[in-house]
Amino acid sequence: MKQKTILIIEDNPMNMEMATDLLEIAEYNVLKAENAEDGIQIARNTEQLDLILMDIALPGMDGIEATRVLKKDDKTKNIPIVALTAHAMKDDNDAALEVGCSGYITKPINTRTFATAVGHFFSPHIKGKGEGYFIHYL
Ligand code: MN
């Protein structure tokens with residue numbers, strides 16, 4: 001099976017490193033952006049991008065606005081976006097779903113379940129919620 005490519009947009013270096021390591025161990029190809037503007041550029045310029053993991057609190061443009069931009073652009077609107085939200089921020093979860101995210105994974109990143117949670121977004125038969133994630137639609 002062809003390796004899937006995931007773009008992580010995350011400004012916190014520790015979260016970025018952890019998410020990257022966990023996804024590379026799970027044999028995903030990982031692209032990285034530290035802010036929304038760079039992430040949008042990468043999304044537009046990457047031929048086969050399978051998923052975007054989108055931090056919500058970002059310097060400059062936030063993840064909600066970045067999702068709006070990506071969902072408005074024909075080149076990027078079909079790429080599933082999964083929000084990375086802080087556990088306590090229920091409003092962020094609601095806002096993420098409203099602008100078209102496929103669901104969310106809550107931080108702090110759970111090293112044991114993170115890659116599995118991400119994988120669920122590629123499995124159409126799995127919906128709903130599990131430990132640390134929620135799938136709205138696929
Ligand atoms: Mn952040």
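Whatever order the structure lists ligands and atoms in, that order sets their numbers, starting from 1. Worth knowing before you read on, the calculation uses all heavy atoms, side chains too, and leaves out hydrogens, waters and symmetry mates.
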Problem set entry | Contact summary for Met61 and Ala36, nearest pair of heavy atoms | O-CB, 3.5 Å
Exercise. Can Phe122 be reached from Ile79 by stepping across I, L, V, M, F, W or Y side chains whose heavy atoms are under 4.5 Å apart?
Worked result: no
Exercise. What distance do Ile42 atom CD1 and Leu7 atom CG have between them, rounded to the nearest 0.5 Å?
Worked result: 5.5 Å
Problem set entry | Reference residue Leu84; test side chain to side chain contact (heavy atoms under 4.5 Å, CB included); the match among Thr106, Ile105, Ile109 | Ile105
Seminar exercise, completed: One checks the Mn ion (ligand 1) and counts protein N, O or S atoms under 2.8 Å, reaching 3
Exercise. More than 12 non-hydrogen atoms from neighbouring residues, nucleotides or ligands closer than 6.0 Å to CD on Glu17, yes or no?
Worked result: no
For this session: Check each of Val30, Val118, Ile9, Asn15 against Leu53 using the side chain to side chain contact (heavy atoms under 4.5 Å, CB included) test, and report the only one that passes.
Result: Val118
